[in-house]
> 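Mind having a look at this structure? Questions to follow.
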Amino acid sequence: MTQRENLSVVLYEKKKLGLEKRPIPEPGPDEVLLKIHSVGICGSDVHFWQNGAIGSYVVKKPLVLGHEASGTVFKVGPGVQHLKPGDRVAIEPGFPRENDEYCRAGHYNLSPAIFFAATPPDDGLLSQYSVHKANYCYKLPESLSFEEGALIEPLSVAIHSCRRGGVTFGSKVFILGAGTIGLMNLLVSKAMGASQILICDLSQNRLQNAKEMGATFTFLTDKNTSAEELGQKVKDALGGAMPDISIECTGAELCIQAGIHATKPGGIFVLVGLDKPSANIPILKVVVQEIDIRGVFRYCNTWPVAIDMLVSKRIDVKSLVTHRFPLEEAVKAFETVKEGKGIKVILKCDSSNQNP
Ligand code: NAD
Ligand code: 572
Ligand code: ZN
């Protein structure tokens, strides 16, 4: 019997999240219809659920959540050459709608006309079926699981962050925050050849994960830790040396300040975390120590390299998955993330395929 229903996780408005049966869409030209398998819940999904907005991105109509996804091609639309029904794919949730100057320069993430799944008004991928641009679906080699395919999204944020920071052979890297993005930055820094990786967080459990994943030094912070003090602790741990690169993955003002205090003169400070739109920073230090501050807006051109790094086992993201729920228990899964339990919570959308 052919399935006609398409169970989707829909955010109606702030705090109102539910499951809804929607029609299965038809793939248009250059699109594929995907049977979604695994979807990770991101902090931004939870933020939209709890607040109905992030900055100027406001939920004004029902929005399907989820942008960390993998699945199987179910049907191809006209013009699709490189995929066929049955292919397992990792999905890049953002793609440009126009070939503008940013796309032509290779930075399609900066295109103002970008589509991005689960960012209003663009629907996300937390459904049993979804259509997506075929060119932004990447074949998953047999050795990779659907879960690894879904984790390529947060891994991509880290690949882009480490590229922006110029992490290379022998770099000393200080990561602020040991959530999914901080831990992914740890894995990518290590794979890019960093010799020493230092990481701080408010949670001892998360720092324990970081240690197990290869951190050289961990720093437990609390609300009484000052930015200068944290910068000094990092320097002491390195025997008086300072990190070449710091990567901020919390959005907390104190960590933004601490990153500036910790980074060596002439070093690079990468800002990934986002909380408030402005922050008070020690600007004198930035100027006189020529610290390059670089932003990160998601990623571009990361899926192919992420797949290669996972296949070659130079990066292993599997230990980040701490919880799994069937799609029907989506609200429970979202509550789990909201309560800060575990690291990556995955929703399983295809009950006919029990592979991870
Ligand atoms: P997360 O909530 O899982 O992790 C954040 C971590 O920071 C937590 O472990 C928390 O304990 C720690 N933290 C918070 N305040 C701290 C403090 N004062 N000192 C030390 N540690 C502190 O979030 P995540 O999914 O890892 O994402 C991290 C940040 O990156 C978020 O702000 C998110 O919005 C942002 N992000 C940005 C981009 C981008 O394109 N720029 C992409 C993805 C995520
Ligand atoms: O994985 C993509 C992603 N991007 C995040 C957060 C979580 N996951 N960003 C932080 C919020 N911004 S935004 O510009 N926005 C809501 C579009 O404030 C995007 C990047
Ligand atoms: Zn995300």
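Order of appearance sets the numbers: ligands from 1, and atoms from 1 within every ligand.
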> Could you list which atoms of ligand 1 come closer than 4.0 Å to a heavy atom of Phe297?
40 (O)

> Does the protein put any heavy atom within less than 4.0 Å of atom 23 (O) of ligand 1?
no

> Which heavy atom of the protein is the closest neighbour of atom 18 (O) of ligand 2, given with residue, atom name and distance?
Ile54 CG2, 3.7 Å

> Output the list of atoms in ligand 1 that are nearer than 4.0 Å to some heavy atom of Arg298, sorted by atom number.
39 (C), 40 (O)

> Considering both backbone and side-chain atoms of Val157, is one of its nitrogen or oxygen atoms within less than 3.5 Å of a nitrogen or oxygen in ligand 1?
no

> Using every non-hydrogen atom in the two residues, find where Gly149 and Leu140 come nearest and quote the distance to one decimal.
CA-CD2, 3.9 Å

> Should Arg206 be counted as touching ligand 1, given the test is an N or O pair under 3.5 Å?
yes

> With a 4.0 Å heavy-atom cut-off (strictly under), which part of Asp201 contacts ligand 1: side chain, backbone, both or neither?
both

> Does the side chain of Pro326 come within less than 4.5 Å of Leu347's, by heavy atoms?
no

> Could you find the nearest protein heavy atom to atom 14 (O) of ligand 2 and give me its residue, atom name and distance?
Phe297 CE1, 3.4 Å

> Is the Phe74 to Tyr129 ring centre distance short of 6.0 Å?
yes

> Regarding ligand 1, does Val296 bring an N or O atom to under 3.5 Å of one of the ligand's N or O atoms?
yes

> Give the atoms of ligand 1, by number and element, whose distance to some non-hydrogen atom of Gly179 is under 4.0 Å.
3 (O), 4 (O), 6 (C), 9 (O), 26 (O)

> Assess whether side chain to side chain contact (heavy atoms under 4.5 Å, CB included) is satisfied between Val272 and Glu248, documenting all intermediate values.
CA-CA 6 Å; Val272 190; Glu248 206 302 306; 6.0 Å; no

> Using non-hydrogen atoms of the residue, decide whether Cys255 is closer than 4.0 angstrom to ligand 1.
yes

> Atoms of ligand 2 less than 4.0 Å from Cys42 heavy atoms?
7 (C), 8 (N)

> Return yes or no for this condition: an N or O of Ser203 is under 3.5 Å from an N or O of ligand 1.
no

> Look at the rings of Phe116 and Tyr299 and say which category their plane angle falls in: under 30° parallel, 30 to 60° tilted, over 60° perpendicular.
tilted

> Is there a side-chain contact between Glu98 and Cys103, using heavy atoms and a 4.5 Å cut-off?
no

> For atom 33 (C) of ligand 1, what's the nearest protein heavy atom and its distance?
Leu274 N, 4.4 Å

> Among all protein heavy atoms, pick the one closest to atom 15 (N) of ligand 1 and tell me residue, atom and distance.
Leu202 CD1, 3.5 Å

> Does Lys348 pair with Asp350 as a salt bridge, N-O distance under 4.0 Å?
no

> Output the list of atoms in ligand 2 that are nearer than 4.0 Å to some heavy atom of Tyr57, sorted by atom number.
15 (N), 16 (C), 17 (C)

> In terms of residue, atom name and distance, what is the protein heavy atom nearest to atom 13 (S) of ligand 2?
Leu274 CD1, 4.4 Å

> Check each heavy atom of Ile181 against ligand 1 and say whether those closer than 4.0 Å belong to the side chain, the backbone, both or neither.
both

> Hey, which atoms in ligand 1 end up nearer than 4.0 Å to a heavy atom of Ala252?
15 (N), 18 (N)

> Between Trp303 and Glu153, is there a side-chain heavy-atom distance shorter than 4.5 Å?
yes

> Closer than 4.0 Å to some heavy atom of Arg298 - which atoms of ligand 2 meet that?
17 (C)

> Against ligand 1, does Ser44 come closer than 4.0 Å with any heavy atom?
no

> Could you say whether the N/O atoms of Glu153 and ligand 2 ever approach to under 3.5 Å?
yes

> If the cut-off is 4.0 Å to any non-hydrogen atom of Thr221, which atoms of ligand 1 fall inside it?
19 (N), 20 (C)

> Take every heavy atom of Gly43, measure it against each atom of ligand 2, and state whether any distance is under 4.0 Å.
no

> Please work out, at 4.0 Å between heavy atoms, whether the side chain, the backbone, both, or neither of Tyr299 comes within that distance of ligand 1.
neither

> Between Glu26 and Lys75, does at least one N-O distance fall below 4.0 Å, as a salt bridge requires?
yes

> What about His67: any of its N or O atoms under 3.5 Å from an N or O on ligand 2?
yes

> Output yes when Lys84 and Asp87 qualify as a salt bridge under the 4.0 Å nitrogen-oxygen rule, no when they do not.
yes

> Salt bridge or not between Arg164 and Asp292? Use side-chain N to carboxylate O under 4.0 Å.
no

> Under a 4.0 angstrom heavy-atom cut-off, which atoms of ligand 1 come close to Thr180?
3 (O), 26 (O)

> To which protein heavy atom is atom 5 (C) of ligand 2 closest, and what is the distance rounded to 0.1 Å?
Ser44 CB, 4.9 Å

> To the nearest 0.1 Å, how far is atom 7 (O) of ligand 1 from its closest protein heavy atom, and which atom is that?
Thr250 CG2, 3.3 Å

> Compare all side-chain heavy atoms of Phe48 with those of Lys14 and state whether any distance is below 4.5 angstrom.
no

